[in-house]
Amino acid sequence: QVQLVESGGGLVQVGGSLRLSCAASGRTFSNYAMGWFRQAPGKEREFVATISRSGGSTYYADSVKGRCTISRDNPKNTVDLQMNSLQPEDTAVYYCAASSRPSASTMSTRYDYWGQGTQVTVSS
C-alpha cells in the first residue's frame, strides 16, 4: 500500500500561483511513476501532469503546458506541482496518484493509489 497526502491547495486570484505537494508513504517511492489529476464540479477527472520514476521524464496536458511544472524528490518521498498563471478553469480538486507501471501515463486507470485531493479555487 502507498498512502498519498496532498497539500497546498487554496483560493487564489486569476494570474496567481500555487504549489501543490504530495507526500507518499508505505512503499519505495522511487518505484512509482507519479501523476496529478484534477476534477472540476460536474466534470470527469482529467490528467494534468505525470513524472517518471527517476524524474527524468515529464508530460503535461495541453491545458497546463507552459504554466505547470511537476517535480519529485525521491529521498523525501514527495512530488510537487507548481502552477502559475492560474485561470478560473483551473478550479478543481487536484489529486496525486501513484502508478506501479514501468512508464508514466496520462491514463487514470493505470494508477494504483490516489490521495484524497486538495481544492484549488481560482477567483476572478
Side-chain angles (χ1 to χ4, degrees):
Q1 288 281 354
V2 175
Q3 292 77 42
L4 302 172
V5 179
E6 302 97 334
S7 61
L11 176 64
V12 64
Q13 292 187 334
V14 169
S17 298
L18 280 175
R19 188 176 184 88
L20 306 182
S21 186
C22 174
S25 62
R27 292 283 178 91
T28 304
F29 182 65
S30 58
N31 286 346
Y32 294 86
M34 300 298 295
W36 284 96
F37 292 77
R38 66 186 182 186
Q39 187 167 17
K43 295 187 177 182
E44 293 187 353
R45 188 171 298 187
E46 65 174 2
F47 166 75
V48 177
T50 186
I51 189 166
S52 62
R53 295 175 176 180
S54 67
S57 296
T58 58
Y59 188 76
Y60 299 91
D62 287 343
S63 58
V64 304
K65 196 174 296 182
R67 300 189 297 121
C68 290
T69 302
I70 188 171
S71 60
R72 67 188 296 161
D73 186 331
N74 283 347
K76 293 184 178 180
N77 293 352
T78 59
V79 58
D80 292 349
L81 183 69
Q82 176 68 43
M83 303 189 296
N84 302 322
S85 301
L86 285 163
Q87 301 299 314
E89 52 267 33
D90 295 314
T91 295
V93 177
Y94 283 70
Y95 297 91
C96 170
S99 173
S100 61
R101 274 72 172 176
S103 302
S105 175
T106 64
M107 299 175 61
S108 62
T109 54
R110 294 187 178 270
Y111 288 80
D112 306 291
Y113 303 100
W114 293 81
Q116 81 290 347
T118 186
Q119 176 70 48
V120 171
T121 303
V122 184
S123 66
S124 54

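Side-chain atoms are counted along with the backbone in the values below, which use heavy atoms only and exclude waters and symmetry mates.
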Salt bridge (Lys or Arg N to Asp or Glu O under 4.0 Å) contacts touching [range] (sequence neighbours left out):
{"range": "residues 62-72", "result": "D62-K65, R67-D90"}
{"range": "residues 5-16", "result": "none"}
{"range": "residues 39-50", "result": "R38-E46"}

Could you tell me which non-hydrogen atom of [X] sits nearest to which non-hydrogen atom of [Y], and how far apart they are?
{"X": "G35", "Y": "Y111", "value": "N-CE2, 3.6 Å"}
{"X": "F37", "Y": "T106", "value": "CE2-O, 3.6 Å"}
{"X": "A33", "Y": "A104", "value": "CB-CA, 3.8 Å"}
{"X": "W36", "Y": "C22", "value": "CZ2-CB, 3.7 Å"}
{"X": "D80", "Y": "S21", "value": "OD1-OG, 2.8 Å"}
{"X": "N74", "Y": "S54", "value": "ND2-CA, 4.4 Å"}

Taking disulfide bond (SG atoms under 2.5 Å apart) as the cut-off, I'd like each qualifying pair that reaches into residues 61-95, sequence neighbours left out, listed once.
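Pairs touching residues 61-95 that pass the test: none.
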Tell me, do C96 and W114 make a side-chain contact under 4.5 Å, heavy atoms counted?
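A side-chain contact is absent here, since even the closest heavy-atom pair is not under 4.5 Å.
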Would you mind reporting whether Q87 and V14 have side-chain heavy atoms less than 4.5 Å apart?
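V14 reaches Q87 side chain to side chain.
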Atom pair [atom1]/[atom2] of [X] and [Y] - distance to nearest 0.5 Å:
{"X": "Y60", "Y": "F47", "atom1": "OH", "atom2": "CZ", "answer": "9.0 Å"}
{"X": "L86", "Y": "S124", "atom1": "CG", "atom2": "OG", "answer": "13.0 Å"}
{"X": "L81", "Y": "T69", "atom1": "CG", "atom2": "OG1", "answer": "8.0 Å"}
{"X": "Q119", "Y": "T91", "atom1": "CD", "atom2": "OG1", "answer": "7.0 Å"}
{"X": "T78", "Y": "D73", "atom1": "OG1", "atom2": "CG", "answer": "4.5 Å"}
{"X": "N77", "Y": "L4", "atom1": "CG", "atom2": "CG", "answer": "10.5 Å"}

Could you check whether any side-chain N or O of S99 sits under 3.5 Å from a backbone N or O of R110, counting only pairs where one atom can act as donor and the other as acceptor?
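It does hold such a pair.
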Mark yes or no for whether S85, through its side chain, and G15, through its backbone, hold a donor-acceptor pair below 3.5 Å.
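No, S85 side chain to G15 backbone: no donor-acceptor pair under 3.5 Å.
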Partners meeting side-chain hydrogen bond (donor to acceptor under 3.5 Å, both in side chains) with [X] (sequence neighbours left out):
{"X": "Q82", "result": "R19, N84"}
{"X": "Y95", "result": "none"}
{"X": "R53", "result": "none"}
{"X": "S30", "result": "none"}

Residues that [X] engages under side-chain contact (heavy atoms from CB on, under 4.5 Å), provided they are two or more places apart:
{"X": "V120", "answer": "L18, L20, M83, Y94, V122"}
{"X": "S103", "answer": "none"}
{"X": "Q1", "answer": "Q3, Y113"}

Run the salt bridge (Lys or Arg N to Asp or Glu O under 4.0 Å) test against R101 and tell me which residues pass, sequence neighbours left out.
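Expected list: D112.
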Counting only heavy atoms not in E89 (residues, nucleotides, ligands), do more than 12 fall under 6.0 Å from its CD?
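Yes, the 6.0 Å shell around CD holds more than 12 heavy atoms from other groups.
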Shared hydrophobic cluster for V48 and V12 (ILVMFWY, side-chain gaps under 4.5 Å)
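Result: yes, single cluster for both.
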